[in-house]
Amino acid sequence: MNTLLFLLQKEYRQIFRNPTLLRMILAIPVIQLTILPLAADFEIKNINVAIVDYDRSTYSRDLVHKIESSGYFVLVDYNGDPKASFGYLESDEADVIIEIPEGFERNLVRENHEELFLSINAINGTKANVGGGYLSQVIQDFNQEIRADWVFRKPNKRSAIAEMVTINRFNPLLNYQFFMVPGILAILVTMIGAYMCALNIVKEKEVGTIEQINVTPVKKHLFILGKLIPFWTIGVFVFSIGLFLVARLVYGIIPVGNVLLLYAYLSLYLIAVLGVGLLVSTYSQTQQQAMSLAFFFMMIFILMSGLFTPIEGMPAWAKFITQLNPVTYFIEVMRMVVMKGSSFEHISRHFAIMLGFAIFFNSWAVWNYRKTS
Amino acid sequence: MNNVSLESIAKSFDASKPPAVKDVSFEVSDGELFGLIGPDGAGKTTLFRILTTLLLADEGKAKVAGCDVVKDYKQIRKEVGYMPGKFSLYQDLSVEENLNFFATLFGTTVMENYDLIKDIYVQLEPFKTRRAGKLSGGMKQKLALCCALIHRPKVLFLDEPTTGVDAVSRWEFWEMLKRLKTEGITILVSTPYMDEASLCEKIALIQEGRIMSIDTPMAITAAFPKELFAIKAENMSQLLNSLRDNELVQSVNAFGEYHHITLVKDSGTPDAFTDRLPMAIEWKTIEPTIEDCFIHMMSA
């Protein structure tokens, strides 16, 4: 026990003497968590739209007003020349071109039917999809309004309108950041845990100090504990700064669920992640190797975790990989507890799986560590 | 029981290459200052790593302080001190912190064994709050020695302790080893410098993983089979070439100011061929050094 205390004392001393490391521990949660969610915002605003109006009637102007006032669109041109408008699409000045055909109002009133032509720049699929979706909604609204208008004018000619009412549960304002921030925080904690732990151990190998330790009677498990505990505390520290300082003050995210439950899961999760770091260190002789190996795993962990793209939309084999990724479970738990307020019984499966990961990675690492030295 | 013994130790790292050490056997008695002498890549570090339980030998048995290096490795780790060839203490910890840290790992304190390291530590004391990485080469080496001694080991392994250290510090270091010997510590030291061999009580000459000879330095030089001559002339490189072409000369080696030669005939002297050389020479009979013996054995 005494030996462990001295090992820890030495480790903390080295950490506190490493200014770069200290700055990273502070800068990662504060700066990255402030910047990244803004970049990972899928909400699309300021869609540039050019309108070619051949009709120039009251209805067509009403429609243009409605599009303009929705807040999502910026009108870059309004004219009657189709060639000029298509040029906007080519030069990337407009994302959408709307063509209102001649006789729009007349046909709508007489034949109760008219077609609009939308031309969308689909290089950015997401933007095209979302922009097209917004636009359809605006046009549908417009449609309903004029119908209601007619019903009001001719009360005997009633037409039934079924309206859909949607309530957004758990994130009423559809704030994208509420969804991204907890997920990104989970990733940051993962990177810090795995990278720092792996690099620190490999540095001892590189410098040769690990040999100097190996010729002493220090037990292997004490040495490993002496490495894991400091990085476990750093992980908890980074998480706390991210949760209480950045998420709360910058984004106004206050976990709906129990914070202690979140910390309980974090504790277990960090053990699993540090196990990955330890494992990487047992397979690397130099910090460069460790860095490349950790980078390889991190890319998979991040992109296959459901952070940016929903897992439900992935093909079956990719879904299978996400199930083998510990980050997936932590992001899920973060979102469940922070946004939905899930309690222990809802995430007990996640606890069990993470316990499995922790045992698996650490046993593998310790087994390989024994074998090589 | 502070002795060390090896019995046909062999180790190879890559099956396609010749083994790092092969069939190495020798014994070091209690309290002896034993030198492992050989060039870079001869297998000195491999042997030390096997004896300090950092590496498992493929074949053979070895005992350190009465304990088997495989079965009783835990006991050995309590009783040996190891100073690797490369400085491997914590560069970001101070002199004092390094020393205290290693003392606690061995379950002891600096004060308990202070008398053993006192002579060395007094030179380090002015820098005790300095980070180990910021020490000069000689100071680093002294600190490493202190850390290897802090638990009063029975056997001390020093892997090339004087490599990269200036001449004055090298002799100081050997003085320190002699003092440690009086404490009854068995010391194994490896070095590529042949001139240090005569400072050991017993030496093993090692080359390409095999031991060529084990004896006291005196006995090894005495066993040199021929009479040895040192020859000097104005133009040394011309002399070297003409000596090599001379059929009376058995071996020629450049040794700084002189060329060392042995002759084919046992009773001859260089006078026998001075008239056949293109220049005037100066010669004398000399006592062979360890280096002469080493070169002789290598070519044999």
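Each chain gets a letter, A, B and so on, in the order its sequence line appears, and its residues count up from 1.
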With B/Lys202 as the cation and B/Phe34 as the aromatic partner, state whether NZ or CZ is under 6.0 Å from the six-membered ring centre and within 45° of the axis.
no
To the nearest 0.5 Å, what is the distance between CG on A/Leu222 and CZ on A/Phe6?
13.0 Å
Does the gap between the ring centers of A/Tyr269 and A/Phe357 come in under 6.0 Å?
no
With a 4.5 angstrom heavy-atom cut-off, could you sort out which part of B/Tyr82 is near chain A: side chain, backbone, both or neither?
both
As an exercise: rank B/Asn100, B/Thr53, B/Leu93 by heavy-atom pairs under 4.5 Å with chain A and give me the winner.
B/Leu93
Name the one of B/Lys71, B/Arg77, B/Glu79 that satisfies side-chain hydrogen bond (donor to acceptor under 3.5 Å, both in side chains) with B/Gln75?
B/Glu79
If you count heavy-atom pairs within less than 4.5 Å of chain B, which of A/Val218, A/Val207, A/Ile210 leads?
A/Val207
If you tally heavy-atom pairs under 4.5 Å between each of B/Lys86, B/Met83, B/His151, B/Glu97 and chain A, the highest tally belongs to B/Glu97
The interface call for A/Gln9 against chain B, heavy-atom contacts under 4.5 Å, is neither
Side chain / backbone / both / neither for B/Tyr73 at chain A, heavy atoms under 4.5 Å:
neither
Beyond-backbone contact of B/Arg49 with B/Asp159, side-chain heavy atoms, under 4.5 angstrom
no
